[in-house]
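Beneath this line is the structure, given in structure tokens, with notes to follow.
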Number of protein chains: 2
Amino acid sequence: MSKIQHRNLYREVADRVRDLIEHGELIPGERISERELCEKFGVSRTPLREALKVLAAEGMVELLPNRGARVMKLTVKMVKDTYDLMGALEGLSGELACRQISDAEIAGIRDLHEQMLKHYRQGELAEYFRVNQQIHEKILAASGNEILIEMYDNLSHRVKRVRYSNQMSDDFWRKAVDDHENMIGALEQRDGQRLGQILRDHLGNKLEVASLTGIVDDTDDRDPAAR
Amino acid sequence: MSKIQHRNLYREVADRVRDLIEHGELIPGERISERELCEKFGVSRTPLREALKVLAAEGMVELLPNRGARVMKLTVKMVKDTYDLMGALEGLSGELACRQISDAEIAGIRDLHEQMLKHYRQGELAEYFRVNQQIHEKILAASGNEILIEMYDNLSHRVKRVRYSNQMSDDFWRKAVDDHENMIGALEQRDGQRLGQILRDHLGNKLEVASLTGIVDDTDDRDPAAR
DNA sequence: AAAAAGAATTATGAATTCAAGATTACACGA
DNA sequence: TCGTGTAATCTTGAATTCATAATTCTTTTT
């Protein structure tokens, strides 16, 4: 039985706004009109403003005092920095996971791995990505470090708007699958050092296939919406 | 010339409450009375509640719907998890720093290192810790990854309440200084791999000298203030 | 006396109101 | 025509008010 969820308005609103940002309905740098969103959600300004504060703490929006909220703009550097961070966190998750993961959990990941290979061989990119992500999530969960999971989650939200080129080069794909082959090996041997190293390096590739559409190049321009 | 700081009330309040928690004036698990804090700060409930939402997003307080706010309770596991994370982040900071740190910056860190050694030889623990922290902050800053810095900052706030035994064993201290000797060496050779490895392992020691006073052992007790 | 039920009180959640800062529109002068 | 100054409008920041959920206190019943 699941817990009764007392949901506060501000949480609901924060989730909805987060979704709007992730789905590109609110574009980076765009000014967020309080009045407009209040009407859209049918709530007063109080819970909306609380939600915006939470989203600002999460790095999803930017709050300019007396000048309202803006969707956080991603620069190439920020995306790169975020991937570096996520790599480090994944590395740690691998190390920790190896210390305590159960045989059953490893078997589950092995299953996903085989599925992923199948999708790779059949060139099903979208399916491949989906299963791929599941593997990383399983390892993360197996780390047992909830704060790590929370932080990783936050970072992945920030860069969720980044889309990948749907035509990944064969070389990169080949390399990514190789990495995964090594990963599953290290995991089954419970070699935390090696798994950590692989995971830390693995994410670097991802950036190279990120199509930075809509991601502005590094500038100091703080007010692009004023056009 | 520094930027004009438009400070909002809720930011001010969040900072003040954060301080109260870090200085132990609000104790873990304790219920935070909105009315009381409002009077203390001379503000209305609106900015206080906004501040609490931010602090909750930062993991400093816990918001129980319809039941108010509590100072986040630290369990031994949470502290351990946090140190693991901080270790990974420091490791990354070392790797990144080596890629781009300037000779001048290295020299600055070398200076701090010598200072730290002096304090070590003279048994000045407090001074030692202070300079020690400065070194880590310099490396972090040299990484140039602002999101990394932000995350590390957040984590360190969470565990700032943890105090260290003022009688560190000679062995641990010796080992910590050894680590630092290796760190400065790796940094001067700009050996990111090695520096990263050292930093990732380094923090593990810290936990062992943490005196977990006031840190509750792992329990599911969600309502300790109700006594 | 202990437990349960119900009323009174208190605290939180959210809407509304009021105040202050920012933006826009427009007039005027160089 | 461009720039400056000012009034009008709009937006945000914060206090207040109202509604509802939680807690405490009292009364009642066994």
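Letters A, B, ... are given to chains in the order of the sequence lines, protein chains preceding strands, and every chain is numbered from 1.
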Take the protein atom [atom1] of [X] and the nucleotide atom [atom2] of [N], then report the distance between them rounded to whole Å.
{"X": "A/Arg70", "N": "D/dT12", "atom1": "CZ", "atom2": "C1'", "answer": "13 Å"}
{"X": "B/Asn8", "N": "C/dA20", "atom1": "CG", "atom2": "C1'", "answer": "12 Å"}
{"X": "A/Glu36", "N": "D/dT12", "atom1": "CD", "atom2": "C1'", "answer": "15 Å"}
{"X": "A/Leu37", "N": "D/dT11", "atom1": "CG", "atom2": "P", "answer": "13 Å"}
{"X": "A/Ile32", "N": "D/dT11", "atom1": "CD1", "atom2": "P", "answer": "15 Å"}
{"X": "B/Leu63", "N": "C/dA11", "atom1": "CG", "atom2": "P", "answer": "17 Å"}
{"X": "A/Arg7", "N": "C/dT12", "atom1": "CZ", "atom2": "P", "answer": "20 Å"}
{"X": "A/Tyr10", "N": "C/dA14", "atom1": "OH", "atom2": "P", "answer": "9 Å"}

#### Entry: Whether over 12 other heavy atoms sit under 6.0 Å from B/Lys40 NZ
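Atom NZ in B/Lys40 is not crowded, with 12 or fewer foreign heavy atoms closer than 6.0 Å.
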
### Message
Is it true that, when you exclude B/Glu124 itself, more than 12 heavy atoms of the residues, nucleotides or ligands shown sit nearer than 6.0 Å to its CD?
### Response
yes

### Message
Does a side-chain N or O of B/Arg35 approach OP1 or OP2 of C/dT12 to a distance below 4.0 Å, or not?
### Response
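No, outside the criterion.
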
### Message
Check the phosphate of D/dT23 against B/Arg31, side-chain N and O only, distance under 4.0 Å to OP1 or OP2. Yes or no?
### Response
no

### Task
Side-chain contact test, heavy atoms from C-beta onward, threshold under 4.5 Å: evaluate it for A/Glu22 versus A/His157 and give yes or no.
yes

### Query
Are the side chains of B/Arg31 and B/Glu36 in touch, meaning some heavy atoms are under 4.5 Å apart?
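No; the side chains remain at least 4.5 Å from each other.
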
Can you give each donor-acceptor pair under 3.5 Å made by side-chain atoms of residues 86-93 of chain B, sequence neighbours left out, with the distance rounded to 0.1 Å?
residue: B/Glu90; atom: OE1; partner: B/His136; partner atom: ND1; Å: 2.6
residue: B/Glu90; atom: OE2; partner: B/Tyr152; partner atom: OH; Å: 2.7
residue: B/Ser93; atom: OG; partner: B/Glu90; partner atom: O; Å: 2.6

### Which atom of B/Glu95 lies closest to which atom of B/Gly192, heavy atoms considered
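Answer, listing the atom of B/Glu95 first, then B/Gly192: CG-O, 3.4 Å.
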
Distances under 3.5 Å between nitrogen or oxygen atoms of protein and nucleotides 15-17 of chain D:
residue: D/dA15; atom: OP2; partner: B/Ser44; partner atom: N; Å: 2.9
residue: D/dA15; atom: OP2; partner: B/Ser44; partner atom: OG; Å: 2.5
residue: D/dA15; atom: O5'; partner: B/Ser44; partner atom: OG; Å: 3.3
residue: D/dA15; atom: N7; partner: B/Thr46; partner atom: OG1; Å: 2.8
residue: D/dT16; atom: O4; partner: B/Thr46; partner atom: OG1; Å: 3.4

### Query
What does A/Glu50 touch in the nucleic acid at a heavy-atom separation under 4.0 angstrom: a base, only the sugar-phosphate, or nothing?
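Since no nucleic acid heavy atom lies under 4.0 Å of A/Glu50, the category is nothing.
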
### Message
Evaluate B/Asp19 against B/Arg16 for salt bridge (Lys or Arg N to Asp or Glu O under 4.0 Å), listing each step before the verdict.
### Response
CA-CA 5 Å; B/Asp19 277 358; B/Arg16 298 274 300 265; over 6 Å; no

### Message
Nearest to the A/Asn66 side chain among C/dT12, C/dA14, C/dA22, which nucleotide is it?
### Response
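When the side chain of A/Asn66 is considered, C/dA22 is the closest of C/dT12, C/dA14, C/dA22.
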
